[in-house]
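Every chain is numbered from 1 and lettered A, B, ... according to where its sequence line falls, protein lines coming before strand lines.
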2 protein chains.
Amino acid sequence: MPKKTFFRLPVEKQQRLIQAAHAEFSRVPFNEASVSNIIKAAEIPRGSFYQYFEDKADIFFYDLGLLRDSSKQDLEKTLLAVQGNLFKAVRQFFTEMAEEIINGENAQFYKHLFLHMDYKNRRKMSPELMHAKQDDGLQFLVENVNYDLLKIGADQPEALRILFHELMTTVFQSIAAYYLQQESNHAITIEQVQERFELVLGWLEHGASNEV
Amino acid sequence: MPKKTFFRLPVEKQQRLIQAAHAEFSRVPFNEASVSNIIKAAEIPRGSFYQYFEDKADIFFYDLGLLRDSSKQDLEKTLLAVQGNLFKAVRQFFTEMAEEIINGENAQFYKHLFLHMDYKNRRKMSPELMHAKQDDGLQFLVENVNYDLLKIGADQPEALRILFHELMTTVFQSIAAYYLQQESNHAITIEQVQERFELVLGWLEHGASNEV
DNA sequence: GAAAACAAATGACATAACGTCACAAAATGT
DNA sequence: ACATTTTGTGACGTTATGTCATTTGTTTTC
């Protein structure tokens, strides 16, 4: 998290910094992004940057957090709207999300995010659902999912967490696959992304094995 | 790939370099590893390093390739041994692999590999199966899988590729989950890793949805 | 076996990024 | 008005990267 000093800054200056950072993280993946470029664009001295943020990662995840907050992706509401049908909720969530991520104004930022985020940092980019508390972020899910539709009992919260994690992985993977194809000149349409996601989600839902 | 010059080097010198690199990549994740440390340990001048390798990534993936070659993990043979039963093959593969990765001598290297490999570079760490050719790496799979056991027809090679990719993701994810737990002081046993993997694989095989 | 052609080795160099620190400036409190 | 705290600043030490001119070694050719 940014340091206290940052939040005491004039809003205009805060925005200038965040915009500069956002531009840099849209230009290149996190590892290639440089603090030097950010401060140059924001026109603030080097020392100030480190007065506001711990380091590059600090401002990156703060920026990412802002993006999430401003987006309409809210799995919680969706889950309630579909009476706790987890698969249905994830389907709907993906449809809304894919459109924004692929064609929205932050597409470049998301591209670098999805292609270069590793397992270790994956947790930090999960959707609103697990937003509030890190420790027990899936409490809402555990309480509001309809267990009748799953091979998971209400007494198996850990299994539910794992399933959710797997579903999110599938979401991320599908998006990443899109960007990968794009880079290798085999661009696919957003409909094909949807199809691919549907295919994998179908397997997770009903199995890929042929039980005759 | 290393440059031609590297392969003309005395074997002893090659090994010295690779060992130094391996130690460095075991010490810290790829992004934190430095060429400077590698050349210091290998006792070769800086200029030489760049005569042999393009950059850090070059020697990293070469090292990784050597590891794969020396390991017994061979999905192809396994697939034949189980008459093309893909799920059975992956199960067996995972059992063999998990043990080596978690308790083998290269555990530290693997830890950094699994926790920090992103979507973009994931492909480069796939098992022997897709070893030979990058372009059409899954040809063997397409030809030797028993389609009767899957909800995928022999006329849907693309779907099979996606399923395989998903299975490998599950493998990687399970390993990564182990290391993550370890870091957060909730260490789990290798048996629990197996259980977790079995759970997810079961979903992919038979679905997580309750079709009553 | 000398000369020419090619290959490999070397470390100084230019460049760029990082995070810190001592000091200056501004703001706030009393 | 002065003291105290907070913020601003950019030069600095450090560390890393990849290149290049030059030297050293090896092979080929006549």
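Taking atom CD1 of A:Ile59 as the reference point, atom P of C:dG19 lies 13 Å away to the nearest angstrom. Atoms CD (A:Glu32) and C1' (D:dA16) sit 16 Å apart, rounded to a whole Å.
Between B:Phe7 and B:Tyr62, the angle of the ring planes goes over 60°, which puts this pair in the perpendicular group of the 30/60° scheme. Below 30°, between 30° and 60°, or above 60°: for A:Phe109 and A:His22 the angle between ring planes is below 30°, a parallel geometry.
No side-chain donor-acceptor contact under 3.5 Å links B:Lys88 to the backbone of B:Thr78.
Between A:Leu115 and A:Leu180, the shortest heavy-atom distance links the atoms CD2-CG, 3.7 Å.
Applying a 4.0 Å cut-off to non-hydrogen atoms, none of the residues of residues 8-31 of chain B approaches DNA chain D. A heavy atom closer than 4.0 Å to some atom of DNA chain D occurs in B:Val35, B:Ser36, B:Arg46, B:Tyr50, these being the qualifying members of residues 35-57 of chain B.
Geometrically, B:Lys124 engages B:Phe61 in a cation-pi contact defined by less than 6.0 Å to the ring centre and at most 45° from the axis.
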Q. Should A:Lys120 and B:Glu183 be marked as a salt bridge (charged side-chain N to carboxylate O under 4.0 Å, His left out) after you check the CA-CA gap, both sets of side-chain angles, and the distance that decides it?
A. CA-CA 10 Å; A:Lys120 181 153 190 187; B:Glu183 290 208 341; 2.9 Å; yes

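For the salt bridge (charged side-chain N to carboxylate O under 4.0 Å, His left out) test, no residue two or more places apart in sequence or in another chain qualifies with A:Lys56.
The CD1 atom of B:Ile162 sits 9.5 Å away from the CD atom of A:Glu195 when rounded to the nearest 0.5 Å.
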